[in-house]
Amino acid sequence: MTLPSVPPSVPQFRMAGRDPAPSSCDCFVALPPHTAAPAVVFGKNADRPRHEVQEIVCIPSAVHRPGDKVQCTYIEIEQVERTHAVVLSRPAWLWGAEMGANEHGVCVGNEGVWTREPVGEDEALLGMDLVRLGLERGGSAREALEVITALLEQHGQGGSCKEEPIPFVYHNTFLLADRREAWVLETAGRYWAAQRIREGSRNISNQLSIGTDITAEHPGLRQRAQSQGWWSGAGQFSFAEVFSLAQQPPRMEAAKTRYRAGKELLRQHAGHITAETFMAILRDKDRGICVDSEGFRTAGSMVSVLPQDPALPCVHFFTATPDPSRSVFKPFIFVPGLKPAPQVISPTFSDDPAKKVPRFRSAVDRRHELYRRHQAALELMEKDQERGQELLQTLRDLEKQGLEAVNALLEGNEAPRPEELAELFFDCVDAEMKFYK
């Protein structure tokens with residue numbers, strides 16, 4: 001099967017900018033009738049400190065003993081009886097994830113946000129921890145949302161969100177999706193509001209975007225707003241208007257432009273959105289969706305196709321490398337007997353500075369093998385335009401082969417053997433690495 005879309009043309013190279021860059025992320029979801037096929041399509045760019053490494057880890061489902069605890073990035077919490085298998089794209093120094101999926105076709109991504117509720121440096125759950133916890137414990141998007149909000153109310157959110165001695169703290173918004181629906185969850189401290197998306201498309205970009213169309217909320221949300229003098233209690237209640245800062249920090253002002261650009265791109269492609277569409281959007285540097293600057297860049301990207309037909313598998317594409325405009329999206333499918341892909345897993349350290357208190361007093365090299373080879377390829381692309389274009393075209397051809405195979409699978413035109421699907425992600429990573437030799 002071939003979805004009705006053509007991979008984007010190969011872009012010209014652009015050197016990293018020299019202006020200070022705000023932190024930023026963009027997350028997208030499309031549902032019928034905006035999608036070309038009867039499926040939900042999810043996509044996210046993880047924009048992080050420029051030299052941070054993003055790894056891809058697959059964690060199997062597990063049964064846990066009563067009384068077990070789980071150590072998150074900073075704090076330990078109660079474990080549940082069963083956790084689902086997950087695949088995560090995460091900063092290599094922490095426990096949680098920027099984005100990921102579970103074996104039941106649930107996808108979650110998060111964004112940083114600053115609101116009227118003060119951020120705290122006290123260590124609690126990171127938004128990225130909540131992404132992983134939602135995926136491990138939620139069998140649907142709604143269940144994952146309920147997991148996240150319950151843990152948020154119980155433990156709060158806090159602690160530094162980057163691997164540096166100077167704390168960088170934010171609150172979080174989330175986009176959650178499964179085969180049938182999507183949810184936007186936006187938080188301010190322990191308070192939250194959520195909006196269900198049943199059709200069409202939606203994006204989030206480092207700002208509060210839920211207005212009066214609130215599907216669910218923290219039971220004390222409106223009382224909190226009234227007690228702080230942020231809302232009179234009269235008229236409609238808009239979460240974004242009430243909880244947004246009166247004076248937005250520069251990073252959130254910049255997010256407004258990206259949010260509008262992303263919303264317009266979704267409008268332009270409505271009715272024809274495919275995985276390829278989202279890959280092209282995530283590669284868009286002109287609109288700032290793909291970040292490449294001195295301080296921050298897109299460290300990893302993810303696109304997922306969640307067919308509404310439960311007989312068809314969900315497919316999740318990951319880059320595992322920075323800058324999607326010069327990276328390869330590689331397909332991953334949950335099947336028994338998955339072949340590990342150590343090429344995209346970062347090394348571990350017995351004396352890890354992220355796990356010692358005081359934290360981040362030294363640095364370690366977390367680059368995995370694919371990251372190292374891709375880094376060398378980026379240097380070549382910037383030094384030698386002609387050879388770089390040839391290499392990038394070869395990589396796009398490799399990506400196209402993976403897309404064609406996945407599309408044929410989703411349309412029922414091919415029935416790969418289970419062992420082929422189990423080796424799919426490993427084989428795509430391995431093929432990419434060979435091109436870098």
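All residue numbers refer to positions in the sequence shown, counting from 1. Predicted model only: the values in this text are computed from it and were never measured.
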Side chains of D397 and Q401: is there a donor and an acceptor less than 3.5 Å apart?
no
Indicate whether any N or O donor in one side chain lies under 3.5 Å from an N or O acceptor in the other, for E276 and T274.
yes
Using a strict cut-off of less than 4.0 Å between a Lys/Arg side-chain nitrogen and an Asp/Glu carboxylate oxygen, indicate whether R222 and E217 qualify as a salt bridge.
yes
Quick check for you: to the nearest 0.5 Å, what is the distance between L135 atom CG and L176 atom CG?
8.0 Å
Cut-off 3.5 Å, side chains only: do D47 and T298 have a donor facing an acceptor?
yes
Cut-off 3.5 Å, side chains only: do R202 and Q195 have a donor facing an acceptor?
yes
In R367, R366, R90, the residue satisfying salt bridge (charged side-chain N to carboxylate O under 4.0 Å, His left out) with E55 is R90
Taking the basic N atoms (NZ, or NE/NH1/NH2) and the acidic carboxylate oxygens, is any pair closer than 4.0 Å for R196 and E181?
yes
Parallel, tilted or perpendicular: which fits the ring planes of F332 and F334, with parallel below 30° and perpendicular above 60°?
perpendicular
Considering only NZ, NE, NH1 and NH2 on the basic side and carboxylate oxygens on the acidic side, decide whether R326 and D292 come within less than 4.0 Å.
yes
Relative to each other, are the rings of F168 and W114 parallel, tilted or perpendicular (30° and 60° limits)?
tilted
Going by atom types only, do S304 and H316 share a side-chain donor-acceptor pair under 3.5 Å?
yes
Nearest heavy-atom contact between Y74 and A124 is CB-O, 3.8 Å
H218 and its ring pair (Phe, Tyr, Trp, His ring centres under 6.0 Å) partner, picked from F239, F243, Y191:
Y191
Do you know the tightest heavy-atom contact between L152 and Q157?
CD1-NE2, 3.6 Å
Any donor-acceptor N or O pair under 3.5 Å, side chains E186, S209:
yes
Is it true that E163 and R48 have a side-chain N and a carboxylate O under 4.0 angstrom from each other?
no
Taking the basic N atoms (NZ, or NE/NH1/NH2) and the acidic carboxylate oxygens, is any pair closer than 4.0 Å for E98 and K44?
yes
My understanding is that only one of H64, E78, E76 makes a side chain to side chain donor-acceptor pair (under 3.5 Å) with K69; could you say which?
E78
Can you tell whether the side chains of K356 and D352 come within less than 4.0 Å, N to carboxylate O?
no
When rounded to the nearest 0.5 angstrom, what is the spacing between CD in E369 and CZ in R373?
4.5 Å
Is any NZ, NE, NH1 or NH2 atom of the basic residue among K285 and D323 found under 4.0 Å from an Asp or Glu carboxylate oxygen of the other?
yes
Backbone N or O of L403 within a donor-acceptor pair of the N407 side chain at under 3.5 Å?
yes
In V29, I210, N203, the residue satisfying side chain to side chain contact (heavy atoms under 4.5 Å, CB included) with V184 is I210
Rounded to the nearest 0.5 Å, how far does CD1 of I56 lie from NZ of K330?
8.0 Å
Sidechain N-carboxylate O distance under 4.0 Å for R137, E143:
no
The reported gap from CD1 in I281 to CD1 in I273 (rounded to nearest 0.5 angstrom) is 6.0 Å
Any side-chain heavy-atom pair of L266 and F278 under 4.5 Å:
yes
Residue pair F42 / A177: nearest heavy atoms and the distance that separates them:
CD1-CB, 4.2 Å
Pair T73, D129: side-chain N/O donor-acceptor within cut-off below 3.5 Å:
yes
